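FYI, side chains are in, hydrogens and waters are out, and symmetry mates aren't considered; it's all heavy atoms of this structure. Predicted, not measured: the structure shown is a model, and the values here were computed from it. Lettering of chains follows the sequences in order, A, B, ..., and the numbering in each one begins at 1.
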There are 2 protein chains.
Amino acid sequence: MPLTLENIQQKFRECGLKSTPQRTAIYQALVQSTAHPTAEDLFAQVSPTYPMLSLNTVYYTLSVLRTAGLVLEVNIGHDRARFDANLSPHHHVICQGCQNILDVMDPRLNRLASPSGLPDDFEISSYQVAFRGYCGACRKSKISMTTSPSGKRPVSS
Amino acid sequence: MPLTLENIQQKFRECGLKSTPQRTAIYQALVQSTAHPTAEDLFAQVSPTYPMLSLNTVYYTLSVLRTAGLVLEVNIGHDRARFDANLSPHHHVICQGCQNILDVMDPRLNRLASPSGLPDDFEISSYQVAFRGYCGACRKSKISMTTSPSGKRPVSS
DNA sequence: TTGCTACATAGGAATCATTCCTAAACAGGA
DNA sequence: TCCTGTTTAGGAATGATTCCTATGTAGCAA
């Protein structure tokens with residue numbers, strides 16, 4: 001499925017959503033990205049074309065698209081929300097250095113058995129695997145660092 | 001390993017952490033909980049015993065304990081951070097109704113192969129599986145609801 | 001084509017978790 | 001017991017997200 005404007009507008013129609021220039025541009029930017037952008041990322045990307053665009057609108061649009069089932073909110077960490085228009089079943093690899101997220105579509109991961117030890121009446125509807133590690137670039141800079149590799153900043157010295 | 005005060009204080013010493021009453025109480029509350037509490041939860045739990053306790057101190061303490069490797073930050077959703085003192089390898093089941101988190105220790109989940117399709121120089125160091133679904137209680141209330149089951153509040157009507 | 005109406009947008013203010021800053025308190029070693 | 005560096009508490013600051021509201025506009029119906 002190529003990403004024509006037509007195509008997007010039809011998707012919106014099917015979901016009962018009005019198709020406005022801003023909404024279309026935001027969704028298009030998200031579909032074209034594989035970087036799991038934040039609301040702010042999308043704002044920065046669409047802003048040049050629509051200088052009046054409000055970050056607010058990006059948030060609103062994303063929540064509408066999410067409710068319509070056209071985008072997923074990818075929650076890596078409790079920091080800002082990141083979004084994904086890739087609806088096919090997939091999992092994520094997160095680099096703990098640069099925080100980039102890669103998609104993984106290994107079919108073996110889509111056949112995990114339901115975990116044992118759950119209450120009988122708990123119904124699992126989906127699952128996601130989040131792999132963590134370091135990408136090549138971040139591994140190099142980790143090695144060249146002499147300081148501690150830990151994440152945030154409590155023990156400052 | 002029972003949870004004596006001695007025990008906790010020794011752990012702190014081993015990590016080079018001073019052992020203060022507040023710190024001990026916060027860690028103890030976390031170890032005793034299986035609910036993956038937030039900083040605020042822990043504050044509410046310890047506050048009665050230490051009325052002068054500051055929420056700030058809870059945040060600081062958690063970040064120190066996390067850096068020391070005594071607690072893990074469990075990030076379910078991009079909302080507030082939740083914490084876990086269970087250091088043995090395990091995964092999570094999240095109820096999308098009540099947002100409660102259960103631990104899953106199915107050993108089959110600890111032997112997943114590294115996913116295919118990654119750049120060669122990406123090094124995976126850990127992974128976690130997050131199962132989502134509805135617990136018994138929330139399934140019941142979902143059935144009795146006639147309104148839409150969607151998550152947040154964009155299309156209000 | 002024109003008008004209507006409900007949904008969208010923009011902008012500013014509000015909220016809420018978390019972090020920053022700083023002065024006073026205190027744990028643990030000398 | 002004294003000293004020093006860590007910890008604590010409290011208030012202010014930050015930053016993502018949501019709320020509020022007036023204006024704009026897409027899409028339907030006449």
Colleague: Between N75(A) (CG) and dT17(D) (C1'), how many Å, whole number?
Modeller: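 Roughly 13 Å, once rounded to whole Å.
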Colleague: Going by atom types only, do N110(B) and H91(B) share a side-chain donor-acceptor pair under 3.5 Å?
Modeller: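 Judged by distance alone, the side chains do pair up.
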Colleague: dT9(C) phosphate, OP1 or OP2: any side-chain N/O from T61(A) under 4.0 angstrom?
Modeller: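 The answer is yes; a side-chain N or O of T61(A) sits under 4.0 Å from OP1 or OP2.
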Colleague: Between F43(B) and L53(B), what is the shortest heavy-atom contact and its length?
Modeller: CE1-O, 3.2 Å
Colleague: Taking the side chain from Q128(B) and the backbone from H90(B), do they hold a donor-acceptor pair closer than 3.5 Å?
Modeller: yes
Colleague: Roughly, in whole Å, what's the span from CZ in R82(B) to C1' in dT18(C)?
Modeller: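 Spelled out: CZ on R82(B) to C1' on dT18(C) is 17 Å.
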Colleague: Return no unless some side-chain N or O of Y59(B) is found under 4.0 Å from OP1 or OP2 of dT18(C).
Modeller: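 Checking Y59(B) against dT18(C): at least one side-chain N or O falls below 4.0 Å of OP1 or OP2.
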Colleague: Taking 4.0 Å as the cut-off, does a side-chain nitrogen or oxygen of R23(B) come that near to OP1 or OP2 on dT8(D)?
Modeller: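 So the side chain of R23(B) is within the cut-off, an N or O lying under 4.0 Å from OP1 or OP2 of dT8(D).
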Colleague: Closer than 3.5 angstrom, by distance alone: can the side chain of R132(A) be matched with the main-chain N or O of Q96(A) as a donor-acceptor pair?
Modeller: no
Colleague: Give a yes-or-no answer on whether the side chains of Q10(B) and E14(B) include a donor-acceptor pair shorter than 3.5 Å.
Modeller: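 On atom types as modelled, these side chains qualify, holding a pair under 3.5 Å.
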Colleague: Strictly below 4.0 Å: does Q22(B) bring a side-chain N or O up to OP1 or OP2 of dA9(D)?
Modeller: yes
Colleague: Compare the minimum distances between each of dT8(D), dT6(D), dA16(D) and the side chain of K18(B), then state the nucleotide with the smallest one.
Modeller: dT6(D)
Colleague: Starting at atom CG of D79(A), determine the distance to atom C1' of dT18(C), rounded to an integer number of angstrom.
Modeller: 12 Å
Colleague: Hydrophobic clustering (ILVMFWY, side-chain heavy atoms < 4.5 Å, transitive) - are L112(A) and Y127(B) grouped together?
Modeller: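 They do share one cluster, since a chain of ILVMFWY contacts under 4.5 Å joins Y127(B) to L112(A).
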Colleague: Do H36(A) and D103(A) pair up side chain to side chain, a donor and an acceptor below 3.5 Å, judged on atom types alone?
Modeller: yes
Colleague: To the nearest angstrom, how far is Q9(A) atom CD from dA26(D) atom P?
Modeller: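 Roughly 11 Å, once rounded to whole Å.
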Colleague: Please report, rounded to the nearest Å, how far the C1' atom of dG28(C) is from the CD atom of E14(B).
Modeller: 17 Å
Colleague: Using whole Å, report how far CZ of R80(A) lies from C1' of dT18(C).
Modeller: 14 Å
Colleague: How does DNA chain C read in dot-bracket, base by base from 5' to 3', with Watson-Crick or G-U pairs under 3.5 Å and | used when the partner is on another strand?
Modeller: ||||||||||||||||||||||||||||||
Colleague: If only atom types and distance count, is the side chain of D106(B) paired as donor or acceptor with the main-chain N or O of S116(A) below 3.5 Å?
Modeller: yes
Colleague: In whole Å, what is the span from the OH atom of Y60(A) to the C1' atom of dT21(D)?
Modeller: 14 Å
Colleague: Would you indicate, yes or no, if dT8(D) has its OP1 or OP2 atom less than 4.0 angstrom from a side-chain nitrogen or oxygen of T20(B)?
Modeller: yes
Colleague: Any residue in residues 35-58 of chain B with a heavy atom nearer than 4.0 angstrom to DNA chain D? Just list them by number, or reply none.
Modeller: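 Heavy-atom cutoff 4.0 Å gives M52(B), L53(B), S54(B), N56(B), T57(B).
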Colleague: Using whole Å, report how far CD1 of I26(B) lies from P of dT7(D).
Modeller: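 Taking CD1 of I26(B) and P of dT7(D), I get 12 Å after rounding.
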Colleague: Treating S33(A) as the side-chain partner and L30(A) as the backbone partner, does any N or O pair qualify as donor plus acceptor under 3.5 Å?
Modeller: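 Checked: no pair found.
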